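What follows is one structure encoded as structure tokens, with my remarks underneath.
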Amino acid sequence: MSAPAAFEGLTHEGIRTALSTRHLGRAFHLLEETDSTNTVAFAMAQAGAPHGAVVVAERQTAGRGRLGRSWYSPAGRNLYCSIILRFGGHSERVPFWLMWTPLISAVAAARAVQVTSGLRPALKWPNDIMIGSRKLGGLLCESTAGASGGFIVVGIGLNINIRPEEFPEELQQIATSMCAESGRSYDRAVLLAALLSELETRYDALLSDQPSHVLSEYAMKCSTLGRRVQVTLASGECVVGLAESLGPDGTLRVVREASPDGPQGPSVLTIRAGDVIHLR
Ligand code: BTN
């Protein structure tokens with residue numbers, strides 16, 4: 001596979017030209033290198049950065065994933081960005097935003113890949129962006145509802161132009177990229193602009209209170225539903241069962257398989273957070 005030659009570095013001008021949003025990305029910070037765009041964006045949000053401000057980096061030296069994992073972030077190939085979303089002064093709305101933001105962000109990322117490439121990623125609950133059984137991207141949402149007003153930092157990593165042989169060995173069987181799936185390279189500024197546009201549309205829909213639409217859109221893309229899964233819960237407990245449906249708040253309902261020596265408990269579990277493996 002040939003090197004992605006057409007689109008080299010991200011530039012301020014390239015991003016500005018591609019943007020079509022009203023708020024998201026209208027303030028953006030393009031960094032050559034940082035430890036983690038989420039860490040930078042979180043500090044900026046605490047210091048008062050506006051709704052929609054975005055931090056993008058060409059390379060992360062300590063990219064962070066969910067559940068304390070790291071995120072492989074080599075230079076010049078992929079997209080590493082963090083978006084600051086503010087939910088206004090209504091503290092009673094904070095749980096609403098915390099619940100729905102990861103779901104709309106995952107759908108927005110999958111849609112952005114689809115509209116720019118024709119690839120059709122699926123979502124592994126809660127918000128892994130997958131092509132088949134391989135991971136194309138992921139989301140790390142971090143939030144606070146402190147005195148500086150509530151905000152969420154939505155961190156998104158998407159593997160775009162990295163070639164399969166460039167992944168470290170431990171990722172080669174489990175990760176993929178848009179380039180690996182389609183054999184062509186992509187302009188990362190266009191991807192970023194599509195992502196922000198898809199996210200802004202859904203954020204605006206939530207402002208006017210349309211979570212049922214969000215949920216059905218998420219469910220249509222969620223490849224976990226109907227699968228036999230193993231879920232590792234925050235407590236460390238492991239549950240095996242059928243991922244039956246989504247709750248009205250985006251939780252995952254799993255019908256636990258009976259096991260003679262397994263823990264006793266309700267046979268339908270409502271899972272808020274966990275690490276899911278799709279079983280065969
Ligand atoms: C996961 O699937 O584990 C989540 C990965 C999130 C990675 C992105 S890259 C941009 C942002 N900055 C980080 O340090 N992490 C997120």
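What's counted below: heavy atoms across the whole structure, side chains too, no hydrogens, waters or symmetry copies. Both counts, for ligands and for their atoms, begin at 1 and track the order of listing. Everything quoted here is computed from the prediction, not taken from an experiment.
Side-chain contact check for T251 and D249: at least one donor-acceptor pair (N or O, by modelled atom type) lies under 3.5 Å. Checking D35 against T61 by side-chain atom types alone, no donor-acceptor pair falls below 3.5 Å. In the model, R111 has no side-chain atom that pairs as donor or acceptor with a side-chain atom of T201 under 3.5 Å.
Atoms of ligand 1 lying under 4.0 Å from any heavy atom of D128, numbered from 1 in the order shown and given with element: 2 (O). Taking every non-hydrogen atom of S82 and a distance limit under 4.0 Å, the qualifying atoms of ligand 1 come out as 11 (C). Interface of G63 with ligand 1, defined as ligand atoms under 4.0 Å from a residue heavy atom, comprises 14 (O). Here is the list of ligand 1 atoms found below 4.0 Å of a heavy atom in T37: 10 (C), 11 (C), 12 (N). Annotation for ligand 1: atoms under 4.0 Å from non-hydrogen atoms of K135 are 1 (C), 2 (O), 3 (O). Of all atoms in ligand 1, numbered sequentially from 1 with element shown, those under 4.0 Å from a heavy atom of G65 are 1 (C), 3 (O), 4 (C), 5 (C).
Ring centroids of F28 and H12 are separated by less than 6.0 Å, placing the two rings close together. Aromatic rings of Y203 and H51 (six-membered ring for Trp) have centroids within the 6.0 Å cut-off, being under it.
At most 12 non-hydrogen atoms from other residues, nucleotides or ligands lie less than 6.0 angstrom from CE of M220.
Among protein heavy atoms, the minimum distance from atom 3 (O) of ligand 1 is reached at R66 N, 2.7 Å. For atom 5 (C) of ligand 1, the closest non-hydrogen atom of the protein is W71 CE3, 3.4 Å. Among protein heavy atoms, the minimum distance from atom 8 (C) of ligand 1 is reached at G157 N, 3.6 Å.
Under 4.0 Å from ligand 1, not a single heavy atom of L67 appears. With a 4.0 Å cut-off on non-hydrogen atoms, T39 does not touch ligand 1 at all. When non-hydrogen atoms are compared, ligand 1 lies under 4.0 Å from neither the backbone nor the side chain of S73.
A salt bridge is absent between E181 and R134; no separation between the charged side-chain nitrogens and carboxylate oxygens falls under 4.0 Å.
For the residues R64, R69, E142, the heavy atom positioned nearest atom 14 (O) of ligand 1 is part of R64.
Here the rule is side-chain hydrogen bond (donor to acceptor under 3.5 Å, both in side chains) with Q60, and of T37, T34, N78 only T37 fits it.
Distances between N or O atoms of Q60 and those of ligand 1 include at least one value under 3.5 Å.
Ring geometry for F42 against F151 counts as perpendicular: the plane angle is over 60°, on a 0 to 90° scale with 30° as the lower cut.
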